[in-house]
Amino acid sequence: GAGVSQTPSNKVTEKGKYVELRCDPISGHTALYWYRQSLGQGPEFLIYFQGTGAADDSGLPNDRFFAVRPEGSVSTLKIQRTERGDSAVYLCASSLRLSTDTQYFGPGTRLTVL
Amino acid sequence: AQKVTQAQTEISVVEKEDVTLDCVYETRDTTYYLFWYKQPPSGELVFLIRRNSFDEQNEISGRYSWNFQKSTSSFNFTITASQVVDSAVYFCALSGGATNKLIFGTGTLLAVQP
């Protein structure tokens, strides 16, 4: 079946602009996670959704970052007033339920802030 | 706090050699999960294995094997008879707590030379 998909695959923007990154999880998966991966590092947790609600947003670096999942499926990560330090690969993962299930990752969106 | 340490930054082997990737973790949770993911040059994280904290049996899957030892907080990964297609960055990860977010190590870059 189809895996996790993310769009766009690449996004180049200018400092100060607003961007939206989209994640489409595996069909039927209720848990959705966003991670950020900087060059040479492992992914770092940003936010977790169970259904429509953000159950844990402790990884969001500041209030410029926000994510939604209005219908419990597709999620959008929104970054306001982008900074050069936001440049990274943003990864989305989904899992079937919650605590015992494996997270499957999408291909990521490479964000470059000039 | 939870932490995963992958002390080996890069490993280079010649095809058909065996190679072991080390992973040491820290957690105060009594129930937790350990994972290995592979990240080939294409960038997508590929799930390899999940282990729960109550199951210390070693596991073998083809040329891959995993050695979980709670006494030393280690979850090492061995590739037998390595192949060029095994070249990738390998991440060890830990999850636990209510939201099951993954804590990743910094990864080990494995280069298998023909």
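Note on naming: letters A, B, ... go to the chains in the order of the sequence lines (proteins, then strands), and numbering restarts at 1 for each one.
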So do the side chains of A:Phe45 and B:Ile103 get within less than 4.5 Å of each other, counting heavy atoms only?
no
Under a single-linkage definition using a 4.5 Å side-chain heavy-atom cutoff for Ile, Leu, Val, Met, Phe, Trp and Tyr, are [X] and [Y] assigned to the same hydrophobic cluster?
X: B:Phe35; Y: B:Tyr25; answer: no
X: A:Tyr35; Y: B:Leu94; answer: no
X: A:Trp34; Y: A:Leu60; answer: yes
X: A:Tyr104; Y: B:Tyr37; answer: yes
X: A:Tyr90; Y: A:Ile26; answer: no

Within a radius of less than 6.0 Å around CZ of B:Arg51, do more than 12 heavy atoms belonging to other residues, nucleotides or ligands occur?
yes
Other residues, nucleotides and ligands only: do more than 12 of their heavy atoms fall within 6.0 Å of CG on A:Leu114?
yes
Per-residue contact mode, B:Gln39 against chain A (heavy atom under 4.5 angstrom)
side chain
In terms of heavy-atom pairs under 4.5 Å with chain B, the winner among A:Gly108, A:Gly59, A:Pro43 is A:Pro43
For [X] against [Y], the heavy-atom pair lying closest together:
X: A:Thr102; Y: B:Arg50; value: N-NH1, 3.3 Å
X: B:Glu44; Y: A:Pro107; value: OE1-CB, 3.7 Å
X: A:Gln103; Y: B:Asn100; value: NE2-O, 2.9 Å

Between A:Phe105 and B:Phe47, is the ring centroid distance below 6.0 Å?
no
A:Gln37, part contacting chain B, at a heavy-atom distance under 4.5 Å:
side chain
Working to the nearest 0.5 angstrom, can you tell me the gap between B:Phe104 CZ and A:Leu91 CG?
8.0 Å
Heavy-atom pairs under 4.5 Å with chain A - which of B:Leu109, B:Asn52, B:Leu45 has more of them than the others?
B:Leu45
